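Here's the structure we're looking at; comments come further down.
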Amino acid sequence: MLSKIVREKAVEAIESVYGIRFTARDFQVNPTKPEFEGDYTIVLFSLVKQLNTSPDQLGNALGAKMIADDPVFFESFNIIKGFLNFTIKPAFLIDMLNRHYQDPCFGKAPMNGKKIMVEYSSPNTNKPLHLGHLRNNFLGRSIAEILKANGYDVLKTCIVNDRGIHICKSMIAWSRYGNQSTPTSTGTKGDHFVGDFYVKFNDAYKLEVEGLVAKGMDKATAEKEAPIMLEAQQMLFDWENGKPEVIELWKTMNLWVYEGFDTTYKRIGSDFAKTYYESETYLLGKDTIELGIRKGVFFRKEDGSVWIDLTAEGLDEKLVLRKDGTSVYITQDIGLAQKKYDEFGMDQSIYVIGDEQNYHMKVLQLICKKLGLPYADGIHHLSYGMVELPTGKMKSREGTVVDADDLVDEMISISRKHTQNLGKVNDFSEAELDELYNTIGLGALKYFLLRVDPKKKMIFNPEESIDFHGFTGPFVQYTHARIRSVLKKSIIDSGLKDYKLPLLKGEKDLLLLAEQYEVILKQAADGLDPSAIATYLFQLAQTFNSFYAALSINNAENEEKKQLRLKISSLVATIIASGMEMLGIKVPEKM
RNA sequence: GGCCCCGUAGCUCAAUUGAAUAGAGCAUUUGACUACGGAUCAAAAGGUUUCAGGUUUGAAUCCUGACGGGGUCACCA
């Protein structure tokens, strides 16, 4: 961690020269901009004021002192307009290179004894997964990997919304229009099969409402009185009362969906240590509500419904239990939070949920805090933005949803086309080719969704397919394959112990960049932000490709340079493989 | 309407969380394979960071206001 080392050395130097102890946060240390000479820069302005001196005076005093104290670490310094730039001696970088050039654990932290739960995916069992779910799945999976690399004991969980009125809608539609067909009998993937009936329900519902309105009923009443809707509500009632044929149908249809989800999850690489089903947890939380009433956190209105008053916190009054005693969404979440904590006792719990639920999650955490629950502070909502089309939000009712399976298929088929055009893997078997197409197609898709800041909504244009050139997954994968190919042509010996030649720009750039990997990993974990890694890996790959074009590796000027560049290449490939793994993306040896 | 989020090149995104001349990719134009992989590299062009004020040595970043876009305010989940 060069920036940290420079910072610490600066703190010491200031103390010994001026007798004042600063903390590391009082001033900034950045990598030096390429147009200036140096590797790391101390920004002097914030110090000047408190030390009552000029930037030049401070810079000279600090620079001289730091070089005198650490002549083996710092080579030189210069001051430009309040910026103190240091050049680092190669020895530090060479030492790092020797230790880590093929170390898969480079940059990762040792176990810290903390347990984190990451809940993600959380699908409904009434329709297939779409592009928004993909962002959720990739984010959740990636965050889990990043936290693991930072020393946490990570537990991936998923809550399946397998119950409720929306599920009954598919069931009603199938009863009415299904004619006993099944995914097998129609050759349809189970989740799509059920999803189609969900659409059928909405079509039929719309027609019935229109019919009632035509007969003179007002729209709001018609929406409540449409026979198909009443049927669905009756079915939900029957389900809750355990009516055998309803439960039977529900089980059958859910099974179809799970088979479909399973296939998709396997393809995209989502897995969970524990899956919760809402049908098994929706009654939880009621006793917590009772506890809250006793504690005075909640209050009961005359009609029997239970509420919490959050107006003091700038929010509203929020219902936590219906007047008939049944639970609402938040009641279940309160219960599930408790259950998870009872089962796993984690220090933190991360919910990967879209930003349309910001308010809900705020309320959830606030309630847990007011109840004095031990896990309240550990709740963290990883709120991500919607994936939108150029025309706006995706809407299932308007058929403007980008289906996950379709998109994955398309990505794989594009990667097949590209690969075949290039014709570099003619020695691959059919099975190897299929795996390669998968690796590249999914790599492009995952990288596309993970390279932007999770908090921001992003736009996906289905008209233009996802790119395979430039700032993309395949670019990074290509760089890895290229390095592996070069490395196969030579042997790395154990030399370089006393490397004395100066480092060329391309060589030093890569070493400095590689050195930052550890900091990037930490940043990604602290900010729950995989895009930090995606951006970094692209920069690393790009820097390598420039280096590759400018300097020969296997035909270097001498053996020492050759070994240096082989090791640098190996380090870069190691970091790419490690970083891509955190994004859930595989890297091929050849492509 | 209340509350929350967002507005950066033609398009999609960055900017080390307040620092030096705001960076990439795509698209456009030009150049580079008998040196290790051209899914690459080198270069050109593209910006009043929505607008108007303010704080600061320093603002895309912080504050105020306007304009534009989105989310949310269910006894739905």
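Keep in mind that the numbers below use all heavy atoms, side chains included, and drop hydrogens, waters and symmetry copies. In the text below, chain A, chain B and the rest are named by the order of the sequence lines, each starting its count at 1. Source: prediction; values computed, not measured.
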>> Between A:Asn545 and A:Arg482, does the side chain to side chain donor-acceptor pair (under 3.5 Å) criterion hold? Intermediate values first, please.
In response: CA-CA 9 Å; A:Asn545 284 324; A:Arg482 186 185 219 186; 2.7 Å; yes
>> Does the Lys NZ or Arg CZ of A:Arg135 fall within the cation-pi geometry relative to A:Tyr384 - under 6.0 Å from the ring centre and within 45° of the axis?
In response: no
> Do the side chain of A:Ser305 and the main chain of A:Arg322 share a donor and acceptor less than 3.5 angstrom apart?
Replying inline: no
> When all nucleic acid strands are considered with a 4.0 Å heavy-atom cut-off, which category describes A:Leu422: base, sugar-phosphate, or nothing?
Replying inline: base
> From B:rC26, B:rG37, B:rA77, pick the nucleotide closest to the side chain of A:Asn161?
Replying inline: B:rA77
>> Suppose we call a contact any N or O donor and acceptor under 3.5 Å apart; does that hold for the side chain of A:Asp303 and the base of B:rC75?
In response: yes
> Does a distance-only test, which skips hydrogens and angles, find a donor-acceptor pair under 3.5 Å between the side chain of A:Lys424 and the base of B:rG37?
Replying inline: yes
> Is the ring centre of A:Tyr548 under 5.5 Å from the base ring centre of B:rU40, and are the two planes under 30° apart, so that they stack?
Replying inline: no
>> For a quick check of understanding: with a heavy-atom distance under 4.0 Å over all strands, which category does A:Gln542 fall into, base, sugar-phosphate or nothing?
In response: sugar-phosphate
>> B:rA42, OP1 or OP2 - any side-chain N/O from A:Ser546 closer than 4.0 Å?
In response: yes
> What does A:Asn358 touch in the nucleic acid at a heavy-atom separation under 4.0 angstrom: a base, only the sugar-phosphate, or nothing?
Replying inline: nothing
>> Distance criterion of 3.5 Å, no angle test: do you see the side chain of A:Thr419 paired donor-to-acceptor with the base of B:rA39?
In response: yes
> If we require ring centres under 5.5 Å and near-parallel planes under 30°, does A:Phe538 stack on B:rA24?
Replying inline: no
> Taking the six-membered ring of A:Phe471 as reference, does the NZ or CZ atom of A:Arg451 fall below 6.0 Å from its centre and within a 45° cone about the axis?
Replying inline: yes
> Which part of the nucleic acid does A:Lys456 contact within heavy-atom distance under 4.0 Å: base, sugar-phosphate only, or nothing?
Replying inline: sugar-phosphate
>> Ignoring hydrogens and geometry beyond distance, is a side-chain donor-acceptor pair present between A:Ser54 and A:Asp56 at under 3.5 Å?
In response: no
>> Please classify the nucleic acid contact of A:Phe475 as base, sugar-phosphate, or nothing, using heavy-atom distances under 4.0 Å.
In response: sugar-phosphate
>> Test of understanding: with salt bridge (Lys or Arg N to Asp or Glu O under 4.0 Å), list the residues that count as partners of A:Glu119, not counting sequence neighbours.
In response: A:Lys340
> What distance, rounded to whole Å, do you find between the two P atoms, one in B:rU16 and one in B:rC33?
Replying inline: 39 Å
>> On the nucleotide B:rU72, are OP1 or OP2 found under 4.0 Å from the side-chain N or O atoms that A:His360 carries?
In response: no
>> Please determine whether any donor N or O and acceptor N or O are separated by less than 3.5 Å between the side chain of A:Asn85 and the base of B:rA20.
In response: yes
> Between A:Ser531 and A:Asp529, does a side chain to side chain donor-acceptor pair (under 3.5 Å) hold up when you go through it step by step?
Replying inline: CA-CA 5 Å; A:Ser531 77; A:Asp529 180 11; 2.6 Å; yes
>> What's A:Ile167 touching, base or sugar-phosphate or nothing? Going by heavy atoms closer than 4.0 Å.
In response: nothing
> Where do A:Asp316 and A:Tyr359 land on the side chain to side chain donor-acceptor pair (under 3.5 Å) test, with the steps shown first?
Replying inline: CA-CA 10 Å; A:Asp316 308 296; A:Tyr359 181 78; 2.7 Å; yes
>> Can you tell me if A:Arg451 touches the phosphate of B:rC26, counting only side-chain N or O atoms and a distance under 4.0 Å to OP1 or OP2?
In response: no
> Hey, does A:Lys323 reach any base, or is it just sugar-phosphate, or nothing, if we go heavy atoms under 4.0 Å?
Replying inline: base
>> Could you check whether any side-chain N or O of A:Lys286 sits under 3.5 Å from a backbone N or O of A:Gly325, counting only pairs where one atom can act as donor and the other as acceptor?
In response: yes
> Base, sugar-phosphate, or nothing for A:Phe460, non-hydrogen atoms under 4.0 angstrom?
Replying inline: nothing
> In dot-bracket, 5' to 3', how would RNA chain B read with Watson-Crick or G-U wobble pairs under 3.5 Å, [ ] for crossing ones and | for pairs to another strand?
Replying inline: (((((((..((((.....[...)))).(((((.......))))).....(((((..]....))))))))))))....
>> Using OP1 and OP2 only, check whether a side-chain N or O of A:Lys489 sits under 4.0 Å from B:rG37.
In response: yes
> Where along residues 38-45 of chain A does a heavy atom fall under 4.0 Å from RNA chain B?
Replying inline: A:Thr41, A:Val43, A:Phe45
>> Once you apply a heavy-atom cut-off of 4.0 Å, does A:Met386 come out as touching a base, just sugar-phosphate, or nothing?
In response: nothing
>> Pairing donors with acceptors under 3.5 angstrom, does anything connect the side chains of A:His360 and A:Asp333?
In response: yes
>> Under 4.0 Å, counting only non-hydrogen atoms across every strand here, what does A:Asn126 touch: a base, just sugar-phosphate, or nothing?
In response: nothing
> For A:Lys590, which contact category applies under a 4.0 Å heavy-atom criterion: base, sugar-phosphate, or nothing?
Replying inline: base
> Checking all strands, does A:Glu313 fall into the base, sugar-phosphate, or nothing category for heavy-atom contacts under 4.0 angstrom?
Replying inline: nothing
> B:rU61: syn or anti, with syn meaning chi within 90° of zero?
Replying inline: anti
> Any luck finding a side-chain donor-acceptor pair between A:Thr125 and A:Asp162 under 3.5 Å?
Replying inline: no
>> Within the 4.0 Å heavy-atom criterion, would you say A:Ala481 contacts the bases, only the backbone, or no part of the nucleic acid?
In response: base
> Quick one: is B:rA35 close enough that its OP1 or OP2 comes under 4.0 Å of any side-chain N or O from A:Ser552?
Replying inline: no
>> Taking only side-chain N and O atoms of A:Lys81, does any of them lie within less than 4.0 angstrom of OP1 or OP2 on B:rA20?
In response: no
>> Tell me whether the NZ or CZ atom of A:Lys318 lies within the 45° cone about the ring axis of A:Trp307 and under 6.0 Å from its centre.
In response: no
> Would you say B:rG38 has OP1 or OP2 under 4.0 Å from some side-chain N or O of A:Arg482?
Replying inline: yes
>> Taking any heavy-atom pair under 4.0 Å as a contact, classify A:Glu278: base, sugar-phosphate, or nothing.
In response: sugar-phosphate
